[in-house]
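Here the structure comes first, spelled out in C-alpha cells, and everything after it is commentary.
Quick caveat, the model's predicted, so the values are computed rather than measured. Along the sequence shown, residues are numbered consecutively beginning with 1. When a ligand or atom number is given, it counts from 1 through the structure's own listing order.
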Amino acid sequence: MIDGSAAHLRAGGTSLVIALGDRRLPRILHWGEDLGALSTDDLGGIVRTALPAVGDSPVTYPQPVPVLPQLAEGWLGRPGITGDSDGRRWASRFLVVEHRVDEEADGPALRVLARDDAYGLDLALELQVLRASGLVRQRAELVNRGVEPFRVGGVELSLPVPHEAAELLDLTGRWSLERVPQRHSFHVGEWVRASRGGKPGLEHTMLLAAGAPGFGFRSGRVWATHLAWSGNQVLVAERTPADTRHLVAGESLLPGEVVLERDASYRTPWQYGSWGDGLDELAARFHRHLRAARPLGPRPVVLNTWEAVYFRHDLATLTALAERGAEVGVERFVVDDGWFTGRRDDTTSLGDWEVDAEVWPDGLQPLVERVRELGMDFGLWFEPEMVSRDSALARAHPDWLFDAGHGPGLPSRHQHVLDLAHPDAYAHVLDRMSTLIAALHVDYVKWDHNRYLLDAGHTPGGRPGMRRQTQQVYRLMSELRERHPWLEIESCASGGGRIDLGVLEFADRVWPSDCNDPHERLEIQRWTGLLVPPERQGTHLGAAESHTTHRVHPLDYRAEKAIWGHLGIEVDLLAAGAGELARIGGWIAFHKAHRELLHHGVVVHADLVEPAARLEGVVAEDSREALFALSLVERPRTWPLGRVGLPGLDDDMVYEVRVVAPGGEAHITATQPPWIADGVRLPGRVLRTVGLESPRLDADRSMLFHAVAV
Ligand code: DGJ
C-alpha cells in the first residue's frame, strides 16, 4: 500500500517500508520481518518515529540513506551515482516527480520517477518484494534528456541494514577452492569486493552479508545483497561515522563505456536483497526464487567425460564409456573439451567449432546415436567467447579478438577473448553452435569461460567492451534457447567463475568448482548454496585420488558428497571393476529414489560447536521426510562428538530416523551408539533440541540419516 509519505511492500514473509516524503528518493525504513497489514496511520507513525531530527543540515543531522545516495543531499559516503558531461552535471540532485505501487503477479513493486531539472536527467527506480521468496530487488534507469552527452561513471543502489548488523560475511577463493568464507566486524569505512575480469570470477564473493554478531545457519538475523550480473561489479558494505550501515551493489563501468546521448538510457542490473534468522532462511529465499522463476524437471544423472579421458577422444572409448554409464544408471552423456578440429590439448583451436574429422571421421553422429539408443541425453562442451591464437578463426579474423591498444594481451590458458559485440564474430559463433546443436540435437551445453577479460577493447580503437560482452553472452544464450527450446545450459567458468542470478536466467545449472575432492566439495557446495539450490549445482563423483588435490578418498565419501546436487560421474568407469561399478550403481539408484526430496526440499545446516563436524540436510517442503549427512572434515577435538540436533523438522511430527548406507558399507558396529543399528522413533522437537548421539567417524567420512514422518 502507499500513502503520501510512505509505501509498504509486503510479500513472501518480507516487509519493506519506504519513506517517500519531501520529494526525496525512496528511503527504506524497514527491510525484514513481515509487519502485517499496516494502515495509513501506521505508516505515518513509522515515518514519524523512524526519521531523526532534521536540524540545520543533513550533514550534521544525518538522515536515513536513500536507495541512491547523493552528495548534493548531504551524503558524504559512497556516491550512488557518478558521471558528468565534460566536467559539468557531476553533482546530481534528483527529486521525485511521481510514484505508484503496482501489484504485479510476482510481487508488489514501487515505481518512482525522479528528475533533476537543472541537469536534464531522469531517474526511474523500481523496488519490488517477490511473492514466492520474500526477496527484495531494485534497479534504476538513468535517462539523459539534455543535449550534451552524459558519461555514466556508475550507478550503485543501496539497501540499509540496522545497527544490529555488526558482523560481515563474504566469500573469496581461487581455482578449485572457490567460495571460502571470511568474517569480520562491520567497521566504519567501505568493505569493497570488486570483480574486474569481465565475469564475477573464482574469487567472487557472490553475496555480501551483514548480521547480528555470531549469526549462524539457524539463528542470528542476517541480511545480504547480490547483483544479478555476470560482468564487472562491486559489492560494498559501508558504515559511515554517523553509523549508517548499508549494502551497496552496482555494475562497474570502464571509462566511456556508457555515454548517453540525448534520450538514451542506462539501466542497472537488479540488486537483490535477502534476509533471514540465520543463513538457511536467507539462502532459502534465493532457492525459492530460482525454483519459482524456472521450475526444472528431474535432473538427469550426468556422465561428463573430462576427468575420465581429458583430450583422448575416439569413438570406441567414448562409446564404451557411454555404455558403462548406461549400465550404472547415467541419463545424460556429456562430451567435454577435445572434440573439435585440432583440439588435442589446451594450446590450440578454440573458435574452430567443427567436429574434428581426424578423430571423428564419421562425425559425432555415431556416438550420439549410441547414446540415444542407450536412452540418454547428449551434451557438448563449448567455450563460445574464447579463441586460441593458434586457430583457423584467429588467423582469418585477427580483428575479432579484443585489443585495448597493445595487441591481444597476455594469454591465459593459451587463449584470448573474442569480441562478441563484433557483429560478424557474434554471427559466426551463433551459427556454429546453432548448427551443431540442431544437427546433433544437443540437449545440454556445458558453457565454459577460462580466461579473464584483461584487454577487452573493441577493434579498431580499443574502446572498452566489458559491458557489451556480458550483454552479448546473455543474447547468445537466449537466442540459442529460443532456437532450440529443449536446450539446457551449464554455466561453467573454470569451475565457479560465473555464478550469479544474471546468468541463471539462461543457465539451468552452474559448475561450482573443478575440484571433485569431497573434502573441498563439502565446503564449496555449502557456501555456493547460499545462492544456488542443490539441483542447480553440478556435483560429480570424481576419481579415488582427486585430480586437483591428490587426496585419496573411498568411494562412499565421494559419492555421498555428490548425491546432494545435480549428480554426475567423472570417474573413469572403464577402469572400474565390477564391485566398484555395482556400488556406483547403488549410489545412483539411491540418488534417483531421493532426488525429488533432494531437489525440491529446504536445505538446512546445523551450527555445531565442534569445528571439525558438519551436519547438512534437506527437509521436504511438507516436512514429512528428510535426509541428513554428518561429516567430519578432520579429527575432532571433542571425542566422542556428543549429541547433534537435527534441524528443520516439524516439532510436532514423529519421525523414524535410520542410518542409510547406499554403498553397502554400513559402519554399523558394536562400538557405535545403540540407536545406529536399529534407528529411533522420536518427535521432531526432541530430535532438534535433545538430538542424537553422534556415531564414531574418522576424518573425511560421513554417515547419512534418513528421517521419515510416521
Ligand atoms: C574447465 C572446466 O571447468 C572443466 O570442467 C573442463 O570443462 C575444462 N575446462 C575443459 O577444458
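Partners of W486 under the ring pair (Phe, Tyr, Trp, His ring centres under 6.0 Å) rule, at least two apart in sequence or in another chain, are H441, H484. Qualifying ring pair (Phe, Tyr, Trp, His ring centres under 6.0 Å) partners for W527, counting only residues two or more places apart in sequence or in other chains: F217. Residues that satisfy the ring pair (Phe, Tyr, Trp, His ring centres under 6.0 Å) test with W229, not counting sequence neighbours, are Y474.
Heavy-atom neighbours of R413 CZ from other residues, nucleotides or ligands within 6.0 Å: above the threshold of 12.
A cation-pi arrangement, defined by a distance under 6.0 Å to the six-membered ring centre and an angle within 45 degrees of its axis, is present between R475 and Y426. A cation-pi arrangement is present between K199 and Y452 under the rule of less than 6.0 angstrom and at most 45 degrees off the ring axis.
Contact shell of ligand 1 (protein heavy atoms, cutoff 4.0 Å): W306, D336, D337, W381, R413, K446, D448, N450, C492, S494, G495, W511, D514.
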